[in-house]
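First up is the structure itself, then whatever we jot down about it.
Numbers restart at 1 for each chain; the letters A, B, ... are given by sequence-line order, proteins then strands.
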Amino acid sequence: MGHLGFIAEAQLGRQRERAGNYLYGAFGRDFVCADGDRVMIVGLTQNQWRALCDAMHLGEAMSHLSAELGLNLDEEGGALSRAPAHCRPDRAVDRCTPLHRHPERVRQARRVLGSLPDRQPPGASRSRLLASQSDVQRTRAAGSRPVSDAAHSAGFFSACSRACGACADAWTAHRGSAARCVGAERGGIRTIAGQGHRGWFGASLNVRLPGELANQRHLAEVPPFIRSSKPP
Amino acid sequence: MSNDSILAGLRIVEASAFVAAPLGGMTLAQLGAEVIRIDALGGGPDYRRWPVTDDNVSLFWCGLNKSKRSVAIDIASPEGRELAMALICAPGDDAGMQSACRSAFLTGSGDANEAVNHVLPAWDLVTGQMAATGLLAAERHRRLNGVGQHVSSRSRTWRWR
């Protein structure tokens, strides 16, 4: 433990909080899939983090967030720990030592990031709220229910920053879930499906699907949602 | 390092990041080996790994690289590779240590469908120690038989339930 910096950290008077499945100092957390399995997604190095952002079409969103916060989220172990930055806003902000010196940034971060539920499947009310505030309802696949309904019944909701019509055929109803994993590959990272609207964004993603699950319907737990400074 | 140390005279060239290999190298360094890290210009991917001080000095990195020396080489360039090769092949009682180790922060219980992030990267710690032990065994083999060995100690730390 001492070799890993724990003792030195304690000597500096730092109190490290319990962080659950959030990776300390970099992006990492687990997601629950519709079938109950969990996947752990980590972007430890800069390359991994960037690849993750690319795969989730979150590059632009992260740039936006960086600008809003005045922080470099690309930086390894930078001013703001990445994972909490967009997954666990309140605790993230609280935990980030540099931010403690900038209370105005803390307030700004809280405002930007919003107060989202922490580590629990998003409630139907939130899903419905999000669906009503975005334009995902328009995205339908033949024979499927409206996404908002499916998301409501499943307690899941997915959206991405890319308003792509191509996502439409990825949406379908499956055991109350609202998405199908298209083009999943063993060890691959894919955006499953999504539709966003004016500042609301997020993504579903799926990693390391076993081969037999490739191209099967699959939906990750609602990943990070971030609200821009201009809510819809 | 004192000449009385058991590994005095053994030179280790280490190209590593994160936990396993740096820990293995440090174990050998603390037994008296001369450990020389080959680092990327500006530091490797774990150079700023948390926890860090207010000055952004990584306590993690410092903790795992005690008693070592370091040379920053751009091994992407031919000149850099030549330098690294010269360092590795320099006359002496050498051994090399390299790891493409992974982050190790996930474990899970047997029956619960829940993954658990572990703050102690146990597999990496074990791997590092095994690497150090294996390297010493290989070095003994070389002394006895005059032939070196390639020791592989891989840190497979992603556990999926």
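- Here the shortest heavy-atom pairing between Pro51(B) and Gly5(A) reads CG-O, 3.8 Å.
- Within a 6.0 Å sphere centred on CD1 of Ile75(B), other residues, nucleotides and ligands contribute 12 heavy atoms or fewer.
- Residue Thr53(B) touches chain A through both its backbone and its side chain, counting heavy-atom pairs closer than 4.5 Å.
- The only member of Leu125(B), Val19(B), Asn65(B), Leu64(B) that meets side chain to side chain contact (heavy atoms under 4.5 Å, CB included) when paired with His3(A) is Leu64(B).
- Interface remark: Leu4(A) contributes backbone and side-chain atoms alike to the contact with chain B (heavy atom separation under 4.5 Å).
- Looking at every heavy atom in both residues, Val52(B) comes nearest to Arg14(A) through O-NH1, 2.8 Å.
- Residues passing the salt bridge (charged side-chain N to carboxylate O under 4.0 Å, His left out) test with Arg69(B), sequence neighbours excluded: Glu34(B).
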